[in-house]
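All values reported here derive from a predicted model rather than from experimental measurement.
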Amino acid sequence: MLVGMPLLRVFDRMGCGGIILSACGQVLATNTGARLILQQMFELDDAAVAALNGSGREIIKQLLSRGRTRINLDSENWILIERVGQRPLIMNFVPVPVLSEDGPHSVLLLIDLDATPLPSTGCLEQIFNLTPAEARLTLLLVGGKTLDEIAQKLHLSIATVRTQLKAVFEKTHTHRQAELVVLVSRLAALP
């Protein structure tokens, strides 16, 4: 197994694409997020996506050529890629120690600003002792739904949704929806 595979799984849970590159620029591994981003940006069919690992150098060059804006944040250069009808994609290269010429050289991190990473309901149930219904409500709220939309989707009265939300606030030690969203968003990296 490639050294960076656990890292790529964490990137997936965080809603980020990850591509591990060799010293010569070949794609050694990609996570699901990166494959979806590349498939959409370059209109790749499933066979082309499957062929990325072990090759993919040309796709990475095309991706880099779309980066028009460089942003310097805390002495790191990030590349902004504008997308039609979507929020931009933010990209960064992270070097990794080279163990061998064929081994990983860098990780390309792709932050998709349209992705909404969410923890699992099981995670919320275990960490905060939420009921399955409270966990579902929380994830819908974090995903951007209003209380009215949640009530309709779950076939509940707005009063029931408000009661569940009050219980969620108590169990998570939060007081406002925005505070709850920030808290829960931090848990997206957990399995």
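Partners of D112 under the salt bridge (charged side-chain N to carboxylate O under 4.0 Å, His left out) rule, at least two apart in sequence or in another chain, are R83. Taking S157 as the reference, T160 meet the side chain to side chain donor-acceptor pair (under 3.5 Å) condition, with sequence neighbours excluded.
Looking only at distances, no side-chain donor or acceptor of N31 sits under 3.5 Å from a matching main-chain atom of V10. Judged by distance alone, the side chain of D12 and the main-chain N or O of T32 form a donor-acceptor pair under 3.5 Å. Looking at Q40, its side chain never comes within 3.5 Å of a backbone N or O of L36 through a donor-acceptor pair. Although no hydrogens or angles enter the test, the distance criterion places no donor-acceptor pair under 3.5 Å between the side chain of N92 and the main chain of W78. S22 contributes a side-chain N or O that, together with a main-chain N or O of Q26, makes up a donor-acceptor pair within less than 3.5 Å. E149 places a side-chain N or O within donor-acceptor distance of the main-chain N or O of T146, the cut-off being under 3.5 Å.
Rounded to the nearest 0.5 Å, atoms CG (L140) and CG (L154) are 5.5 Å apart. R136 contributes atom CZ, which lies 10.5 Å from atom OG1 of T138 (distance to the nearest 0.5 angstrom). In this structure, CZ on F42 lies 5.0 Å from CD on Q62, to the nearest 0.5 angstrom. Rounded to the nearest 0.5 Å, atoms SG (C16) and CG (L108) are 11.0 Å apart. Note that CG of L137 and CG of L130 are 9.0 Å apart. Values are rounded to the nearest 0.5 Å. Between the CG atom in L80 and the CD1 atom in I71 there is a gap of 4.5 Å [rounded to 0.5 Å].
For the pair P119/L190, no side-chain contact is recorded, criterion being any heavy-atom separation below 4.5 Å from C-beta on. Contact of the I150 side chain with the L165 side chain is not registered, since no non-hydrogen atoms from C-beta on lie closer than 4.5 Å. I19 places none of its side-chain heavy atoms less than 4.5 Å from the side chain of V107. Residues L124 and V168 are not in side-chain contact: their nearest non-hydrogen atoms beyond the backbone lie 4.5 Å or more apart. Under the 4.5 Å side-chain criterion, counting only non-hydrogen atoms from C-beta, H175 is not in contact with L180. Side-chain atoms of L89 and I111, non-hydrogen and from C-beta on, never get closer than 4.5 Å to each other. Within the 4.5 Å cutoff, the side chain of R66 has no heavy atoms near those of the L64 side chain. A heavy-atom distance below 4.5 Å is found between the side chains of F128 and L183.
Contacts classified as side chain to side chain donor-acceptor pair (under 3.5 Å) and involving residues 164-173 (residues at least two apart or in different chains) are given here: E134-K171, T172-T174.
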Original post:
Given M91 and L109, is the side chain to side chain contact (heavy atoms under 4.5 Å, CB included) satisfied, shown in steps?
Top reply: CA-CA 6 Å; M91 181 171 55; L109 174 64; over 6 Å; no
**OP:** In sequence, state the C-alpha distance, the side-chain angles, and the governing distance for E179 and V181, and then conclude on side chain to side chain contact (heavy atoms under 4.5 Å, CB included).
**Re:** CA-CA 5 Å; E179 186 181 4; V181 168; over 6 Å; no
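Open room surrounds CG on D46; 12 or fewer heavy atoms of other groups in view lie less than 6.0 Å from it. Counting heavy-atom neighbours within 6.0 Å of M41 CE, excluding the residue itself, gives a total above 12.
Considering every non-hydrogen atom in both L8 and A29, the closest pair reads CD1-CB, 3.8 Å.
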